[in-house]
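Naming: A, B, ... by sequence-line order, numbering from 1 per chain.
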Number of protein chains: 2
Amino acid sequence: MGEMAADPGPPAPVLTQRQEARRRRILHAGAQLAGRGGFEAVQMREVADAAGVALGTLYRYFPSKVHLLVALMEDQLQRLHAALRRRPPSAGCADRRVAETLMRAFRALQREPHLADAMVRALTFADRGVSPEVDAVSRLTTAIILDAMRLEEPTRDQLAVVRVIEHTWLSALITWLSGRESIAQVRRDIETVCRLIDLPEADRDGPGP
Amino acid sequence: MGEMAADPGPPAPVLTQRQEARRRRILHAGAQLAGRGGFEAVQMREVADAAGVALGTLYRYFPSKVHLLVALMEDQLQRLHAALRRRPPSAGCADRRVAETLMRAFRALQREPHLADAMVRALTFADRGVSPEVDAVSRLTTAIILDAMRLEEPTRDQLAVVRVIEHTWLSALITWLSGRESIAQVRRDIETVCRLIDLPEADRDGPGP
DNA sequence: CGCTAATCTAGAACAAGTTTCAGACCCGTT
DNA sequence: AACGGGTCTGAAACTTGTTCTAGATTAGCG
């Protein structure tokens with residue numbers, strides 16, 4: 001019963017210059033449109049138009065709207081990850097550093113709430129066909145959190161905590177985006193879940209699986 | 001910066017017998033279809049057909065597919081809530097009771113994974129237009145968890161913990177449904193987040209809002 | 001019973017994601 | 001430079017959620 005790591009599959013089929021440029025143009029157009037109206041404003045015909053590419057080509061690069069938006073999220077997360085390496089969180093204990101990191105990410109999303117809407121909705125709406133891509137995003141998020149905790153070799157238990165933090169992070173975002181939770185509450189949720197970090201190992205008596 | 005409780009709005013405009021029956025037929029048809037193919041298999045024309053109702057009527061009762069599926073989830077949760085009142089979780093400490101409760105709900109969902117898929121995807125995909133309905137589901141979930149904790153008058157802090165548990169619950173479901181997390185991992189996540197219950201109040205030094 | 005407003009039905013129409021196809025284009029090979 | 005396979009384009013077609021319309025039914029009321 002292992003980790004179900006996603007098979008990386010065909011290892012990125014090597015794009016020519018022009019193809020790489022096309023891919024970037026598409027992502028850029030997607031971000032542009034998402035930046036206004038959010039998920040619904042990203043219309044495939046308009047993306048293709050704005051990117052100067054035929055509809056069929058768009059679908060060759062991103063097999064669905066959700067794929068496109070998830071790729072966009074991956075892009076943003078990579079940027080964030082890089083920024084965090086440059087200026088890592090400074091707090092003294094791990095839980096504060098993680099909370100600080102997530103709040104930094106949250107503030108970044110607040111700057112473009114529509115874009116956040118598009119990316120997060122795509123991420124949670126994705127079905128099994130997008131699993132590899134969603135998994136890449138998840139691994140990136142995990143990496144960011146583990147960085148903040150300054151952990152190289154997490155234990156099983158620490159990984160479970162990280163997963164729970166990730167769950168909270170994502171779901172709190174959804175709740176915020178749909179207007180059912182305030183910014184302050186999101187902050188509170190993040191701080192609350194971060195209490196799980198460096199908590200004494202709870203002994204459990206349940207029998208193994 | 002309060003709770004943002006959703007205005008209940010027009011308090012359920014009183015349906016005639018036949019209308020109530022229609023509503024149930026629609027929900028039943030929706031559940032039926034969702035039970036096979038999940039979210040995508042719930043096609044509005046087919047729902048209308050199976051419920052013996054015109055498409056326009058379906059849309060009068062449920063203004064969108066997401067509304068319909070969220071209503072379904074509310075329905076199921078009410079059933080679960082009732083069942084839990086009949087046979088409440090028995091464990092000695094609050095965190096075990098909550099974990100037991102959520103695992104019970106999880107097992108119920110496992111029995112009809114496609115239905116679960118449809119309901120959960122709808123719930124997280126819902127936009128602001130569905131907020132009141134999603135909020136009803138959220139309140140129900142909160143009530144179920146508070147029941148398991150046997151709390152009548154939760155403190156602010158306890159409410160934050162409950163929110164985090166809810167976040168974890170929902171997001172773990174998503175991850176399971178998309179095949180990226182195993183049943184065992186979901187169980188582990190639930191047990192992990194439940195450790196937050198009856199944790200000594202962490203002192204925090206951040207200034208108020 | 002007969003009236004009136006609201007509701008329901010059947011079906012067309014519209015919108016946006018996705019698929020398909022014929023032909024033009026680009027790239028590495030000979 | 002000509003060739004051949006994969007890639008791109010433009011446009012139409014298809015699918016499914018959603019909206020609209022005209023006429024039939026129903027519910028409540030005098």
Open item on the list: Expressed as a whole number of angstroms, how long is the span from A:L69:CG to C:dT18:P?
Closed with: 10 Å
Task: Sugar-phosphate, base or nothing in reach of A:T16, heavy atoms under 4.0 Å - done: nothing
Open item on the list: Using OP1 and OP2 only, check whether a side-chain N or O of A:Y61 sits under 4.0 Å from D:dC8.
Closed with: yes
- [ ] Using the six-membered ring of A:F106, assess whether NZ or CZ of A:R187 lies under 6.0 Å from its centre and within 45 degrees of the ring axis.
- [x] no
Open item on the list: Tell me whether the side-chain N/O atoms of A:Q19 come closer than 4.0 Å to OP1 or OP2 in C:dC27.
Closed with: no
Open item on the list: Which residue is it: A:V98, A:T101, A:L102? I am looking for the one with a side chain to side chain contact (heavy atoms under 4.5 Å, CB included) to A:I144.
Closed with: A:T101
Open item on the list: Any base atoms under 4.0 Å from A:V42, or only sugar-phosphate, or nothing? Heavy atoms, all strands.
Closed with: sugar-phosphate
Task: Atom-pair distance (CD on A:E20; P on D:dT7), nearest Å - done: 15 Å
Task: Closest to the B:R45 side chain, choosing from C:dC27, D:dG17, C:dC8 - done: D:dG17
Open item on the list: Let's see if you can work this out: which of D:dT19, C:dA10, C:dT19 has an atom nearest to the side-chain heavy atoms of A:L55?
Closed with: C:dT19
Open item on the list: Nearest whole Å is fine: how far is C:dT7 C1' from B:I26 CD1?
Closed with: 13 Å
- [ ] Could you check which of C:dC27, D:dG17, D:dT18 has an atom nearest any side-chain atom of A:R18?
- [x] C:dC27
Open item on the list: With a 4.0 Å limit, can you tell me whether A:T57 has a side-chain N or O closer than that to the phosphate oxygens OP1/OP2 of D:dT9?
Closed with: yes
- [ ] Would you verify whether the NZ or CZ of B:R23 falls within 45 degrees of the ring axis of B:Y61 while also being under 6.0 Å from that six-membered ring's centre?
- [x] no
Open item on the list: Output the rounded distance in Å from CD (A:E46) to P (C:dA16).
Closed with: 8 Å
Open item on the list: It should be established whether A:R22 places a side-chain nitrogen or oxygen under 4.0 Å from OP1 or OP2 of nucleotide D:dC8.
Closed with: yes
Task: Atom-to-atom span, CD of A:Q43 to C1' of C:dG17 - whole angstrom - done: 10 Å
TODO: Could you tell me the separation between the CE atom of B:M44 and the P atom of D:dG17, rounded to a whole number of Å?
DONE: 7 Å
Task: Residue met sooner reading DNA chain D from 5', once A:V53 and B:V66 are mapped to nucleotides - done: A:V53
Task: Between A:H167 and B:S171: side-chain donor-acceptor atoms closer than 3.5 Å - done: yes
Open item on the list: Without decimals, in angstroms, what is the distance between A:Y59 OH and D:dT7 C1'?
Closed with: 18 Å
Task: A:F125 six-ring face occupied by A:K65 cation (under 6.0 Å, within 45°) - done: no
TODO: State which of D:dG28, C:dG17, D:dT9 makes the closest approach to the side chain of A:K65.
DONE: C:dG17
Task: Between C:dT9 (P) and B:L58 (CG): distance, integer Å - done: 10 Å
